[in-house]
Amino acid sequence: MNETNKGGRPKADPRAVSAWTRYRPLAIGELAAALGVSQPAVSKWVQVPEKRLDVVAQTLGVHPHLLRPDLAPPDPWSAL
């Protein structure tokens with residue numbers, strides 16, 4: 001993910017956006033309240049920050065790699 005948007009932040013991974021919209025049971029405000037941060041802070045996320053990934057995934061009830069496929073562990077079979 002080397003591309004950036006106008007503000008210099010990386011563009012969102014379409015797979016992560018798809019996972020977020022598909023699996024999110026909470027509105028952004030509810031997620032923000034569950035995380036103890038403001039709704040505008042969550043709204044600014046292009047992708048879930050790595051340091052909050054485990055908590056967000058647990059709150060949403062999904063695996064972290066669905067929200068951040070770029071951080072998924074490498075496939076052990078790819079080396080074969």
Side-chain angles (χ1 to χ4, degrees):
M1 219 164 44
N2 297 334
E3 297 179 39
T4 59
N5 63 18
K6 257 178 129 176
R9 289 187 281 177
K11 288 187 176 180
D13 185 330
R15 296 171 297 177
V17 172
S18 173
W20 173 269
T21 57
R22 178 190 230 167
Y23 297 106
R24 66 179 176 157
L26 305 173
I28 290 177
E30 293 171 320
L31 177 61
L35 296 173
V37 298
S38 68
Q39 185 270 331
V42 175
S43 294
K44 289 180 183 179
W45 291 353
V46 174
Q47 56 190 5
V48 178
E50 188 173 353
K51 69 179 186 177
R52 296 198 183 267
L53 182 60
D54 290 333
V55 176
V56 172
Q58 184 178 9
T59 301
L60 296 176
V62 299
H63 292 285
H65 74 273
L66 290 174
L67 298 173
R68 288 289 304 267
D70 59 316
L71 298 177
D75 179 14
W77 297 105
S78 66
L80 298 178

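All values reported here derive from a predicted model rather than from experimental measurement.
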Are any of the side-chain heavy atoms of Leu66 and Leu60 separated by less than 4.5 Å?
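Leu66 vs Leu60: side chains apart.
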All side chain to side chain donor-acceptor pair (under 3.5 Å) counterparts of Gln39, not counting sequence neighbours:
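Expected list: Ser43.
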For the student: nearest non-hydrogen atoms of Arg68 and Val48, plus distance
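Heavy-atom minimum between the residues: NH1-O, 2.6 Å.
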Which residues share a side-chain contact (heavy atoms from CB on, under 4.5 Å) with Val37, sequence neighbours left out:
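Partners of Val37 under the side-chain contact (heavy atoms from CB on, under 4.5 Å) test: Ala32, Leu35, Val42, Arg52.
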Got a second to check how far Leu67's CG is from His65's NE2, nearest 0.5 Å?
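That separation rounds to 9.5 Å.
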